[in-house]
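Beneath this line is the structure, given in structure tokens, with notes to follow.
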Amino acid sequence: GAVVSQHPSWVICKSGTSVKIECRSLDFQATTMFWYRQFPKQSLMLMATSNEGSKATYEQGVEKDKFLINHASLTLSTLTVTSAHPEDSSFYICSAPGQSSYEQYFGPGTRLTVT
Amino acid sequence: TQLLEQSPQFLSIQEGENLTVYCNSSSVFSSLQWYRQEPGEGPVLLVTVVTGGEVKKLKRLTFQFGDARKDSSLHITAAQPGDTGLYLCAGGSNFNKFYFGSGTKLNVKP
């Protein structure tokens, strides 16, 4: 099956700094990718849809200026958490759709800890 | 606010027991998926149901999509410790966009 990777798998940063998370589709192209956030013991919350070559679309309540998304190629989307605060500490997961409208492939996730 | 609500939120049972997890919404979805997630990992797809009333079986797991495509259930027969994990339903809308349910944490004790 299709593979989606994320880098880094975990990162620790200081409050006020920015951190970039990469999401790559390894053996297929993805014009769209999705970013989710998951707090401990909670479910995945859809943050935004990353669109190749155009602006990302954000879900209600997600700060566009804080969570910068760039989808510069058909295999790479990046999520940058700007001016990170401890409350941004979370598990960030990306996914990319498959050929059918029902398929989506998840990355392994990135654990962000802001100190 | 979650579009999909799962119940129960937590479930702790003995090995060999049966259980059912429910996923409910007021919205209609084009498809409904069930995932299982282990701590620190991404969710793993168990099944996709797309037709109202559809029932799918995967070994000891039985999945059903409601007739109105607003709800679903997951039934596990003779649960085993290896079934322990976080079970998530996800409703599919346009453009491959999926919204996840609130999650059910299952613990099966040996």
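Using cut-offs of 30° and 60° for the angle between ring planes, the B/Phe63 and B/Trp34 rings count as tilted. In this structure, B/Phe100 and A/Phe106 have perpendicular ring planes: the angle between them is above 60°, well past the 30° mark.
When heavy atoms are compared at a cutoff of 4.5 Å, A/Glu103 approaches chain B solely by way of its backbone atoms N, CA, C and O. Heavy atoms closer than 4.5 Å to chain A are found nowhere in B/Val44, neither backbone nor side chain. Contacts between B/Tyr35 and chain A at a heavy-atom distance below 4.5 Å involve the side chain alone, from C-beta outward.
Ranked by heavy-atom pairs under 4.5 Å with chain B, the first of A/Arg111, A/Gln60, A/Glu59 is A/Glu59. Note: B/Lys97 leads B/Lys97, B/Lys105, B/Gln9 in heavy-atom pairs under 4.5 Å with chain A. Chain A forms more heavy-atom pairs under 4.5 Å with one residue of B/Ser30, B/Ala90, B/Gly40, B/Gly92 than with any other, namely B/Gly40. Your options are A/Thr49, A/Val4, A/Ile93, A/Leu46, and the one with the most heavy-atom pairs under 4.5 Å with chain B is A/Leu46.
Taking the side chain as every heavy atom from C-beta outward, A/Leu79 and A/Cys94 never approach each other to under 4.5 Å. Within the 4.5 Å cutoff, the side chain of B/Tyr87 has heavy atoms near those of the B/Leu46 side chain.
Residues B/Ser102 and B/Gln6 have side chains that never bring a donor and an acceptor to within less than 3.5 angstrom of each other. Defined by atom type and a distance below 3.5 Å, a donor-acceptor pair is present between the side-chain atoms of B/His75 and B/Thr20.
In this structure, B/Lys57 places its NZ atom where only 12 or fewer heavy-atom neighbours from other residues, nucleotides or ligands lie under 6.0 Å away.
The existence of a salt bridge linking A/Glu22 and A/Lys20 is excluded, since no basic side-chain nitrogen approaches an acidic carboxylate oxygen closer than 4.0 Å.
For a heavy-atom cut-off of 4.5 Å, chain B lies close to A/Phe34, A/Tyr36, A/Gln38 in residues 31-41 of chain A.
When all heavy atoms are compared, the tightest approach of A/Leu112 to A/Cys13 is CD1-SG, 3.9 Å.
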